[in-house]
Amino acid sequence: MAFNYTEPTSPPRVRFAPSPTGDLHIGSARTALFNYLFARHYGGSFILRIEDTDKVRSTEKSLRNLVDGLKWLGINWDEGPGEANPTDLTSETGDHGPYLQSIRRDSHLAAADKLKSLGFAYECACPPVETAGASKCQCALKQDELGNVPEELKSLKFKIPPGPPVMVHDLIRGEVMFRRDDLQDFVIVRAGGLPTYNFVVVVDDASMEISHVIRGEDHLSNTPKQILIFEALSLTIPIFAHIPLIHGSDGTRMSKRHGAVTVEAYMNEGFLPEAFVNYLSKLGWTDGTDREIYTLKELEEAFTLSHVSSSPATFDRDKILWFNGKYVREISDDDLLDRSLPFLAEFVDPVDLNESTRAWLTGIIRMYKERLEVLGEIPSKLGYFFNDPKGYDESALRKAKVDGDAFNYLVELKKLFLESEWTTGDIETVIRDYIVKREIKLKAVVQPLRLVITGTLATPGIFDTLFYVGKEPTVRRLEYFLANYRPPG
RNA sequence: GGCCCCAUCGUCUAGCGGUCUAGGACACCGCCCUCUCAAGGCGGCAACACGGGUUCAAGUCCCGUUGGGGCUGCCA
């Protein structure tokens, strides 16, 4: 619960500043979403800035993945790299660029020089990795002895200036106090001239006129360092809001070992972006009502930081599956078919669909609306519409009660089917008339029929199912079964 | 270790001192519907971590304990 939440007094400028060092993580996606919603809610600007200062780990592939992920979620940026070619500076939008942090190097270095000349930074010749037992850095005290150390071996460190505790005014956490004695001098420019994150984030946020920094709670502890740099450089300090992290089921920060953690993975599994966004928004946020379902537009209207939780949320696959199923049921048949086509690719070529095939597929998809949680289930669940069953196992035959009587029913039904028209209604009439004539229960013929035609015990209603399987395949499958299987006993 | 954050059903949460015999959602269980599986409807199980205060009154405020998480990098 955010206790000291105050509304922005002017249109906010917020940013999502990921580093392109891997795929778009769920936690990052939610951070992006909260920033985006906040900007939209208050009519502000949402800025995408790429923090590619770690040249070793940053890749263009990750950048692409990032951009694609955001687009898929429906999160558009007002300022930032161009979508088609994010590394092409000429395609950027916005007048606070460049939005690739690595390109802003000169301004970072200029700020570093300023800090140095102002006495806030000093050179350090300590080895990069402080091994265990390494003595504390004394470079600040012996700057004049560093003259003969080669430039490329010296880093620049920010000196924590003396003073009262640093207060972080956080929209979600309240006032958080850090004593300066607990803060350590830290590198702002690496040996070799590359500035570090905690430093450039300040310079860039300031020059991009960021009003609110909404980011993960993992950044809270570094915030006082950043505030000190803002102050040293006489820059305006933005308002901070640290949102809780997303945890895996074991209570630790969500990572690969908790299963699917990237936006791309959910995309490939057949989650709908609407459902994904809806779920993400509800992880740590509420509008105070019992409402669960929101479109992106509705979220833009409802979202503020006032009801963002301060405790971490555990990612729950069951719930996101429920959200997805909900959305699958709600979108139109036509829309659902279009989105399902990629998952039907092993059965039908999506590029050349004639009208009747499309109508047929729409009918099938419609039947499965209540039965799909994710679109990725399509190949395994709908295969029988395209291919004959590969065989029948004993236990299924037993469960469906395919006994001697059932064999007789199937023989007779096959004949009746051959003479019948093939609409759902005709099929139903044939079967219902048949059970009346034989004085048997519907179930006695439906289950054997279902198993033989589809190879499974669970399908939509049998009449529709047979209709969409088609007359010819239905008869063919019956013939195959009758020719190759014998009743038990 | 030091510093910081967090703590209501298994999970996400409502709750901002009295309206809480703690509400909703997911999951789970049962019933209904029913040709199977779903979907849907109805019902059920299930929580204020612990200990001290403050107060006429505490899930709600304060302190402590415990537990969890984060930061402590020439990663971001």
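The chains referred to below are lettered A, B, ... by the order of the sequence lines, with proteins before strands, and numbering in each begins at 1. All values derive from a computational prediction rather than experimental measurement. Side-chain atoms are counted along with the backbone in the values below, which use heavy atoms only and exclude waters and symmetry mates.
Between A:N35 and A:H212, the side chains place no donor N or O within less than 3.5 Å of an acceptor N or O (distance only, hydrogens not considered). If you check the side chains of A:S62 and A:N65, you find no donor sitting under 3.5 Å from an acceptor. If you check the side chains of A:S207 and A:R104, you find a donor sitting under 3.5 Å from an acceptor. The closest side-chain donor-acceptor pair between A:Y294 and A:D287 falls under 3.5 angstrom. Using a 3.5 Å distance cut-off with no hydrogens or angles, the side chains of A:T31 and A:R215 do not pair a donor with an acceptor.
Listed nucleotides B:rG70, B:rU72, B:rG15 differ in distance to A:Q184; the shortest reach to its side chain belongs to B:rU72. When the nucleotides B:rA14, B:rC4, B:rA76 are ranked by their closest atom to the side chain of A:L220, B:rC4 comes out on top.
Using modelled atom types, one side-chain atom of A:K369 and one backbone atom of A:I331 make a donor-acceptor pair closer than 3.5 Å. A donor-acceptor distance shorter than 3.5 angstrom exists from the side chain of A:Y266 to the backbone of A:A260, with no hydrogens or angles considered. The closest donor-acceptor contact from the side chain of A:R450 to the backbone of A:P460 lies under 3.5 Å.
Atom P of nucleotide B:rC71 and atom CD1 of A:I160 are separated by 18 Å, given to the nearest angstrom. If you take CZ of A:R190 and C1' of B:rG73, they are 9 Å apart, rounded to a whole angstrom. Rounded to whole angstrom, the span from the CZ atom of A:R317 across to the C1' atom of B:rG10 amounts to 18 Å. Atom P of nucleotide B:rC5 and atom CZ of A:R173 are separated by 9 Å, given to the nearest angstrom. Between the CE atom of A:M177 and the P atom of B:rC71 there is a distance of 22 Å, rounded to whole Å. B:rC3 atom P lies 15 Å from atom NZ of A:K225, rounded to whole Å. Distance A:F199 CZ to B:rC75 C1': 17 Å, rounded to the nearest Å. Between A:F178 atom CZ and B:rC71 atom P there is a gap of 13 Å when expressed in whole angstrom units.
A cation-pi contact, defined as under 6.0 Å to the ring centre and within 45° of the axis, links A:R30 to A:F34.
With sequence neighbours left out, the side-chain hydrogen bond (donor to acceptor under 3.5 Å, both in side chains) criterion links A:T314 to no other residue. A:E269 meets the side-chain hydrogen bond (donor to acceptor under 3.5 Å, both in side chains) test with A:R317; sequence neighbours excluded. When the side-chain hydrogen bond (donor to acceptor under 3.5 Å, both in side chains) test is applied to A:R398, no partner is found at least two apart in sequence or on another chain. Legend: residues meeting side-chain hydrogen bond (donor to acceptor under 3.5 Å, both in side chains) with A:T304, ordered by chain and number and at least two apart, are A:S306.
One P atom belongs to B:rA25, the other to B:rC42, and the distance between them is 10 Å to the nearest Å. Rounded to the nearest Å, the gap between the C1' atom of B:rA27 and that of B:rC33 is 22 Å.
Both A:R179 and A:N198 lie near RNA chain B, and the one whose nearest nucleotide falls closer to the 5' end is A:R179. Two residues, A:D182 and A:H219, neighbour RNA chain B, and the one matched to the more 5' nucleotide by heavy-atom proximity is A:D182.
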Inset, instruction - Scan nucleotides 31-39 of chain B nucleotide by nucleotide, 5' to 3', and note B when protein non-hydrogen atoms come under 4.0 Å of the base, S if they reach only the sugar-phosphate, - if neither. - result: ----BBBBS
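Of the side-chain N and O atoms in A:T314, one or more sit less than 4.0 angstrom from OP1 or OP2 of B:rC12.
The list of salt bridge (charged side-chain N to carboxylate O under 4.0 Å, His left out) pairs with a residue in residues 240-258 of chain A, not counting sequence neighbours, reads A:D218-A:R253, A:D250-A:R257. Residue pairs that meet the side-chain hydrogen bond (donor to acceptor under 3.5 Å, both in side chains) test with at least one member in residues 187-202 of chain A, sequence neighbours left out, are A:Y197-A:H219.
Looking at heavy-atom distances under 4.0 Å, A:F315 makes no contact with the nucleic acid at all. Base contact: A:A191 has a heavy atom under 4.0 Å from a base atom. When heavy atoms are screened at a 4.0 angstrom cut-off, A:S19 is found touching the sugar-phosphate backbone but no base atom. Across all strands shown, A:S155 has heavy atoms under 4.0 Å from base atoms, whether or not it also approaches the sugar-phosphate.
Taking a 6.0 Å sphere around CD of A:E394, one finds it holds 12 or fewer heavy atoms contributed by other residues, nucleotides or ligands. Taking a 6.0 Å sphere around CD of A:E370, one finds it holds more than 12 heavy atoms contributed by other residues, nucleotides or ligands.
Of the charged side-chain nitrogens involved, none lies within less than 4.0 Å of a carboxylate oxygen, so that A:E123 and A:K157 do not count as a salt-bridged pair.
In this entry B:rA39 has no Watson-Crick or G-U wobble partner, no candidate having both defining distances under 3.5 Å. For B:rA25, the paired nucleotide is B:rU11, the pair qualifying as Watson-Crick or G-U wobble because both relevant distances are below 3.5 Å. Base pairing analysis places B:rG1 opposite B:rU72; the two distances defining the Watson-Crick or G-U wobble pair are each below 3.5 Å. Pair assignment for B:rC50: B:rG64, on the basis of Watson-Crick or G-U wobble contacts that are both within less than 3.5 Å.
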What nitrogen or oxygen pairs link the protein and nucleotides 62-69 of chain B at under 3.5 Å?
residue	atom	partner	partner atom	Å
B:rG69	O2'	A:H247	NE2	3.3

Under 3.5 Å, N/O pairs linking protein and nucleotides 43-51 of chain B:
none

Which atoms of nucleotides 24-26 of chain B (N or O only) lie under 3.5 Å from a protein N or O atom, and what are those distances?
residue	atom	partner	partner atom	Å
B:rA25	O4'	A:E292	OE2	3.2
B:rA25	O2'	A:K319	NZ	3.0
B:rA25	N3	A:K319	NZ	3.1
B:rC26	OP1	A:W322	NE1	3.4
B:rC26	O2'	A:K319	N	3.4

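Between A:V430 and A:F417, some side-chain heavy-atom pair lies under the 4.5 Å cut-off. A:I365 is not listed as a side-chain neighbour of A:D333, based on a closest heavy-atom distance of 4.5 Å or more.
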Inset, instruction - Assess whether salt bridge (Lys or Arg N to Asp or Glu O under 4.0 Å) is satisfied between A:R438 and A:E412, documenting all intermediate values. - result: CA-CA 11 Å; A:R438 300 291 306 233; A:E412 292 176 339; 2.7 Å; yes
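Shown for residues 277-284 of chain A: residues whose heavy atoms fall under 4.0 angstrom of RNA chain B, namely A:K282, A:L283, A:G284. Residues from residues 379-387 of chain A placing a heavy atom under 4.0 Å of any atom in RNA chain B do not occur.
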